[in-house]
Amino acid sequence: MNETTILLSGDPKAKPEFLATVEPTIPRQLPFSLPFELVLDGYTREPWSSGKTNQNNGDQQQQNHEWQTGYLVSTDGRNRLSGFMQYLQGRKKAAVAKFEASDALPSSSTTPSGKAILVVPYDPPPIPSEELPDGVDKSQLMFVKYLRDENILKRDDPNAKKLQQQKMLQQQQKLMQEKQKQHQQQQIMQQKKQQSQKKIPSQPAPSSNRRGGLLGNLLGAQRRTENHLDMVRGSKSTNDEAFDPTTGAAGCINAFRDKISAEFEKFKSDSTTFTTKISISLGAMVKSVPIDEREKVTMDVFKFTVYEQVEEVGMDQWIAAKEPSEFMDECVINVYKEGHCPEDVLEDVNKGELPDEIKGQARHLVEAQSKAIQRKGKKKDEQMEKQANMGEDNGMVGLNTNKRDRRTLEQIQTDMQGENEDVKKSRFQ
């Protein structure tokens, strides 16, 4: 099924809202192709946006034959198209969407290729009942107009031609200004190099008759050090200006970020896929990085890039979890859409997010409980041993009863605290 999801966006900063999921019905195969997702983000009252222009003859005949029309029917069952058409009719505006199309006009040296235009007129023509399929409700139909390139509208407009010429002149002026700036920067760099070369004096041959003393030697060494520092600063500034973000460590990281972003955008648009895996191999990543810059490209940098793209593309609704691995230079990160993360993975992620203070308190509580259990067990063992040694209550004869007690006061107090009430009473009888 050639279905398209249509969204509405009144504000460029706001998130588009769902309108309908549609498919072609009259004709069943449209003479043009629509993307998987389309955003109606503009409104207009221009004459070319009317649904009745294709039936008129006149000055717009050359432009009208470029427009292609068709009917789309809603397949989601939410019945939102009728309310949307009433909204357009009440304001006498047409909704407009622009998108990249494969059948756009070829670009030239003066005019680049434009975007395709899809228009939803507020005044559609009558629905041909003889072509309407059985079981299709007219209130769920939407008449649309398609133009393969927006430059067609500007082609016959004299005002548009003037604006285009003005833009071309402005672009040429900007190019001339940029060239002048580059030429001035080159001249400044050459002057700095010449000045730095002039600052380095030629070192005269040491003379046996010249006696500068200790102070003279120190001043000479300081002067030579300053000259060398000027040379280093000059070379450092040239290296900074020659920095290229598409090569070296920066180029490797930026290329990885673009690749991950494209994969996540594809994953987001696929409504049938709820999880994806991102594999990272550090050895394969750093092959194109020079040896002196490889220490900047680490596994932590790539993992941070993945988590950053998950938050940005997933709008803080996706969950990323790293799989355990035996190797330090390989990593696999699973990304789950909202509501499709397994419970065990979610529990591990929540554990990992606990602060160190809470982890320390939990560990201390477990240790305190284990020590308390050990103390209780030790007291029970001592009580059982004392009861076994006291044979008078059980009709047994105790041995070594007149033996001297060698316990300390602390041990005696501890034993007395652990005795039961019967033993304490027998002591005073």
Side-chain angles (χ1 to χ4, degrees), residues 1-10 16-99 101 103-104 114-154 156-157:
M1 300 298 290
N2 188 15
E3 291 186 345
T4 299
T5 301
I6 299 181
L7 307 176
L8 288 177
S9 176
E17 297 180 358
F18 175 82
L19 175 62
T21 300
V22 297
E23 65 179 11
T25 181
I26 302 177
R28 294 293 298 175
Q29 184 64 36
L30 294 175
F32 52 89
S33 59
L34 295 178
F36 175 77
E37 193 174 83
L38 198 64
V39 180
L40 296 172
D41 55 357
Y43 298 91
T44 182
R45 289 194 178 98
E46 294 291 338
W48 49 262
S49 65
S50 175
K52 299 178 181 179
T53 53
N54 290 345
Q55 300 176 354
N56 299 332
N57 294 323
D59 297 338
Q60 293 183 347
Q61 186 176 4
Q62 183 180 0
Q63 218 179 71
N64 290 339
H65 82 278
E66 297 284 355
W67 287 95
Q68 297 174 341
T69 61
Y71 284 88
L72 304 177
V73 61
S74 175
T75 59
D76 52 46
R78 300 188 182 184
N79 301 327
R80 291 187 175 182
L81 286 183
S82 59
F84 177 64
M85 294 304 301
Q86 291 177 3
Y87 171 82
L88 296 180
Q89 292 171 2
R91 288 157 180 78
K92 293 185 179 182
K93 289 184 178 181
V96 181
K98 295 183 180 181
F99 56 93
D103 56 347
K115 293 184 178 181
I117 299 177
L118 186 76
V119 181
V120 182
Y122 73 92
D123 54 347
I127 300 174
S129 58
E130 65 277 3
E131 299 181 10
L132 186 65
D134 296 335
V136 176
D137 188 3
K138 291 184 179 181
S139 63
Q140 301 303 316
L141 291 179
M142 183 172 66
F143 178 76
V144 295
K145 297 173 58 177
Y146 172 81
L147 188 65
R148 62 193 180 112
D149 198 315
E150 60 183 345
N151 291 328
I152 297 175
L153 298 175
K154 305 174 184 178
D156 301 327
D157 189 358

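Small disclaimer: the values here were computed from a predicted structure and weren't measured.
For the atom pair Lys92 NZ and Arg45 CZ, the distance stands at 9.0 Å (nearest 0.5 Å). Taken from CG in Leu147 to CG in Leu153, the straight-line distance is 5.0 Å, to the nearest 0.5 Å. In this structure, CD1 in Ile117 is found 9.0 Å from CG in Asn151, a value given to the nearest 0.5 Å. The line from CG of Leu30 to CG of Leu72 is 6.0 Å long, rounded to the nearest 0.5 Å. Summarising the geometry, atom OG belonging to Ser49 is positioned 7.5 Å from atom CG belonging to Asp123; distances are rounded to the nearest 0.5 Å. Once rounded to the nearest 0.5 Å, the distance linking NZ of Lys98 with CG of Leu118 reads 12.5 Å.
Looking only at distances, a side-chain donor or acceptor of Lys145 sits under 3.5 Å from a matching main-chain atom of Ser50. Panel note: side chain Asp149, backbone Gly114; a donor-acceptor pair is recorded below 3.5 Å.
In terms of heavy atoms, Tyr71 sits closest to Pro126 at OH-O, 3.4 Å. The nearest pair of heavy atoms linking Ala116 to Ala101 is CB-CB, 3.5 Å. In plain terms, the two heavy atoms of Leu38 and Ala97 that are nearest each other are CG-CB, 4.0 Å. Shortest non-hydrogen contact noted between Leu88 and Pro121 is CD1-O, 4.5 Å.
Applying the 6.0 Å contact sphere to CD of Glu17 captures no more than 12 heavy atoms from other residues, nucleotides or ligands.
Between Tyr146 and Phe32, the ring-plane angle classifies as parallel under the 30° and 60° cut-offs.
Considering only heavy atoms from C-beta on, Val39 stays 4.5 Å or farther from Phe99 through its side chain. Between Leu132 and Leu141 the shortest side-chain heavy-atom distance falls below 4.5 Å.
In this structure Arg148 satisfies the salt bridge (charged side-chain N to carboxylate O under 4.0 Å, His left out) test together with Glu66, sequence neighbours excluded.
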Going by atom type alone, with no hydrogens or angles, which donor-acceptor pairs under 3.5 Å involve a side-chain atom of residues 76-84 and a protein atom two or more places apart or on another chain?
{"unit_1": "Asp76", "atom_1": "OD1", "unit_2": "Ser74", "atom_2": "OG", "d": "3.2"}
{"unit_1": "Asp76", "atom_1": "OD1", "unit_2": "Arg78", "atom_2": "N", "d": "2.8"}
{"unit_1": "Asp76", "atom_1": "OD2", "unit_2": "Thr21", "atom_2": "N", "d": "2.7"}
{"unit_1": "Asn79", "atom_1": "OD1", "unit_2": "Gln140", "atom_2": "NE2", "d": "3.0"}
{"unit_1": "Arg80", "atom_1": "NH1", "unit_2": "Phe18", "atom_2": "O", "d": "2.7"}

